[in-house]
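Heads up, the thing below is written out as structure tokens.
Values below: all heavy atoms of this structure, side chains included; hydrogens, waters and symmetry mates excluded. The shown structure was predicted, so the numbers you read here are calculated from the model rather than taken from an experiment.
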Amino acid sequence: MKLVVNYSCRQEDSNENKKERLRPSDLSMMKFLGEAKVKKTMLLRACRGRMKLWILRAIAILSLWTCMIQLVAVGDFRGAKLLKDWPSYVSSPDKHTEESKSFVQPKVHLRPKRSYKNNGHLLVSCNGGLNQMRAAICDMVAIAKYLNITLLVPELDKTSFWADSSDFKDIFDVDHFITSLRDEVQILKELPSKLKSRVDLGKFYELAPVSWSNISYYHKQILPLLKKYKVVHLNRTDARLANNRLPLEIQKLRCKVNFHSLRFTSQIEELGRKILRRLNGPFLVLHLRYEMDMLSFSGCTRGCNTEEVNELTTMRFANSKWKEKVIDPKLKRKEGLCPLTPEETALVLTALGIDSNTQVYIASGEIYGGTRRLRSLKAAFPNLVNKETLLEASDLKFLKNHSSQMAALDYFVSLESDVFVPTYDGNMAKLVEGHRRYLGFKKTILLNRRVLVCLIDRYNDGSLNWDEFSAYVREAHSEDRAGSPKKRVSMENRPKEEDYFYANPEECLPPLDKMPRSL
């Protein structure tokens with residue numbers, strides 16, 4: 001133990017002696033090394049700080065870029081639209097796909113609201129099918145502006161043959177409808193609470209306006225009612241405004257509503273785009289108006305068996321809204337007042353020179369007689385499709401039992417077709433025809449049924465051979481029946497016999513004397 005203690009004492013003494021024997025230069029070196037270590041530590045800390053700063057900058061840039069991309073997406077701009085303004089984007093601005101031309105929506109800049117003294121609130125209940133109601137909505141907006149009144153979002157027909165429960169917002173983009181017309185007229189989704197209470201108590205006026213009325217009728221007859229009752233309900237709106245002899249600003253407003261403000265919901269438009277992608281090439285839309293309701297209403301029964309004729313007749317007599325009950329189908333057909341049958345349509349399209357390989361999209365409801373009646377048309381045009389064959393059942397699930405939404409989908413596809421052929425001049429045929437004129441006089445073949453049924457009968461009984469039949473059919477369908485520019489026929493005191501405004505909205509189209517000769 002003594003030895004150990006002595007040794008440790010000597011070791012401590014030795015360490016102290018070493019410290020005492022250190023030279024001044026050694027102390028300076030140690031001090032220098034300490035300072036170098038401190039500087040190195042400080043340098044490392046500075047580098048780390050700079051690295052953190054660069055990382056933060058990189059994160060900030062990425063965050064800003066992500067936000068910008070999100071804003072672009074929300075603003076309905078595509079990447080190409082954003083990139084084309086950058087110097088590195090070298091592609092020609094003219095090189096866009098047809099899809100981008102048709103569907104890219106420009107950025108909307110809201111116009112200021114129109115300021116006017118409000119003369120009352122107008123409620124409207126549209127009647128009929130989708131396109132009958134579409135035209136009525138355009139008329140009601142024009143009337144609301146002319147009378148300086150507030151319009152409520154129109155109520156759609158739920159009691160007609162189709163019994164469709166769809167509301168306006170189920171078919172049309174209601175917010176776009178309201179905002180796109182804010183500089184023309186105030187449109188509300190519902191009445192203010194005070195007026196709603198008045199309506200609930202029955203303190204309003206209800207009527208069906210006179211058909212084909214001039215705008216002065218609304219000024220003299222409807223405006224005083226609005227000022228007196230504050231709320232007026234128009235319970236029928238089809239064909240309540242004249243085709244002609246209206247102020248130019250009224251006609252142009254009808255076009256603005258029809259071609260710009262009545263935009264289908266995003267869900268319907270996306271389905272329409274899906275159909276166009278699957279067609280993937282030139283196609284013809286055939287509006288084959290051969291559904292049960294059309295045949296029953298018109299009394300046209302050619303090609304139907306006895307059981308089907310009885311079913312259609314019973315249906316017509318049971319519908320109290322259809323005034324004509326006893327109909328001679330043969331006479332009506334000869335007068336050209338019946339839609340062409342699927343068999344007749346196959347003959348006519350072939351005679352017109354439509355290639356048998358053409359994609360033919362049938363825009364219609366369920367064809368009466370089903371696949372049996374479509375057999376001839378399918379044989380003539382094997383690439384015969386419709387929305388049910390191009391889409392999955394899950395795609396159409398939300399449209400089931402909603403005929404107006406189904407019609408909206410067909411309308412959307414019809415506008416984009418290379419050729420549109422209606423077999424009957426109903427409301428959809430007329431509105432699509434007019435809309436296609438507005439889009440640049442896209443080809444629409446308007447069949448002359450009165451001439452065609454005579455030619456078809458002569459061909460079937462052998463008095464005309466195929467070459468003769470085909471030549472006569474083509475001769476009867478020259479450019480003036482192909483959606484080309486022409487004057488709208490006006491007949492004063494005979495408004496029902498005039499050309500329909502929505503089939504040829506001449507006031508909204510380029511003047512005839514300025515149209516290219518190629519059209």
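Shown here is Arg372, whose CZ atom has more than 12 heavy atoms of other residues, nucleotides or ligands within 6.0 Å.
Between the CZ atom in Phe177 and the CG atom in Asp173 there is a gap of 11.0 Å [rounded to 0.5 Å]. Rounding to the nearest 0.5 Å places OG1 of Thr301 at 10.0 Å from CD of Glu308. Here Ser417 contributes atom OG and Asp410 contributes atom CG; the two are 11.0 Å apart, rounded to the nearest 0.5 Å.
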Could you walk me through whether Ser394 and Glu392 pass the side-chain hydrogen bond (donor to acceptor under 3.5 Å, both in side chains) test, one step at a time? CA-CA 5 Å; Ser394 57; Glu392 291 80 17; 5.1 Å; no

Item to check | Check against salt bridge (charged side-chain N to carboxylate O under 4.0 Å, His left out), Glu269 and Arg273 | outcome: CA-CA 6 Å; Glu269 289 201 354; Arg273 295 186 190 107; 3.1 Å; yes

Residue pair Thr341, Arg302: steps toward the side-chain hydrogen bond (donor to acceptor under 3.5 Å, both in side chains) verdict | CA-CA 7 Å; Thr341 67; Arg302 184 174 178 82; 5.6 Å; no

- Report the C-alpha separation of Asp425 and Arg449 in whole Å, then their side-chain angles, then the decisive distance to 0.1 Å, and conclude whether the side-chain contact (heavy atoms from CB on, under 4.5 Å) test is met. CA-CA 10 Å; Asp425 54 354; Arg449 294 187 305 280; 3.2 Å; yes

>> Checking Thr159 against Asp157 for the side-chain hydrogen bond (donor to acceptor under 3.5 Å, both in side chains) test, could you report, in this order, the C-alpha distance in whole Å, the side-chain angles of both residues, the deciding distance, and whether it holds?
In response: CA-CA 6 Å; Thr159 62; Asp157 193 343; 3.1 Å; yes

Point to revise | From CA spacing to verdict: side-chain hydrogen bond (donor to acceptor under 3.5 Å, both in side chains), Asp293, Ser296 | key: CA-CA 5 Å; Asp293 65 295; Ser296 177; over 6 Å; no

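Defined by atom type and a distance below 3.5 Å, a donor-acceptor pair is missing between the side-chain atoms of Tyr218 and Asp139. At a cut-off of 3.5 Å, with distance as the only test, no side-chain donor of Glu416 or Tyr361 sits close to an acceptor on the other residue. Judged purely by distance below 3.5 Å, without hydrogens or angles, the side chains of Gln267 and Thr265 never pair a donor atom with an acceptor atom. Of the N and O atoms on the side chains of Thr313 and Asn310, not one donor lies less than 3.5 Å from an acceptor on the other residue. Looking only at atom types and distance, the side chain of Arg245 has a donor-acceptor partner in the side chain of Ser490 under 3.5 Å away.
Of the candidates Leu409, Leu276, Val413, Leu409 is the only one forming a side-chain contact (heavy atoms from CB on, under 4.5 Å) with Leu271. Of the candidates Asp238, Thr237, Leu431, Gln132 forms a side-chain contact (heavy atoms from CB on, under 4.5 Å) with just one, namely Asp238. The one candidate from Asp167, Asp164, Asp170 that meets the salt bridge (Lys or Arg N to Asp or Glu O under 4.0 Å) condition with Lys158 is Asp167. Residue Asp457 is tested with Lys334, Arg333, Lys330 for a salt bridge (Lys or Arg N to Asp or Glu O under 4.0 Å); the sole match is Arg333.
Side chain of Arg437 to main chain of Ser484: a donor-acceptor pair is present (N/O by atom type, distance under 3.5 Å, no hydrogens or angles). The closest donor-acceptor contact from the side chain of Lys169 to the backbone of Asp175 lies at 3.5 Å or more, if one exists at all. Between the side chain of Ser470 and the backbone N or O of Trp466, no donor-acceptor pair lies under 3.5 Å.
For the pair Glu498 and Asn244, the minimum side-chain heavy-atom distance is below 4.5 Å.
A cation-pi arrangement is present between Arg134 and Tyr411, with the terminal nitrogen or guanidinium carbon under 6.0 Å from the aromatic centre and inside a 45° cone about the axis. Arg254 forms a cation-pi arrangement with Phe501, by the criterion of a distance under 6.0 Å to the ring centre and an angle within 45° of the ring axis.
For Lys487 and Glu506, the salt-bridge test passes: some basic side-chain N is under 4.0 Å from an acidic carboxylate O. Salt bridge annotation for Glu366-Arg373: absent, with no cationic side-chain nitrogen under 4.0 angstrom from a carboxylate oxygen. The residues Glu468 and Arg458 are annotated as not salt-bridged, no charged nitrogen and carboxylate oxygen being separated by less than 4.0 angstrom.
Within the 6.0 Å centre-distance limit, the rings of Phe259 and Tyr438 are counted as a close aromatic pair.
Of all non-hydrogen atoms in Val285 and Ala363, the two that sit nearest each other are CG1-CB, 3.8 Å.
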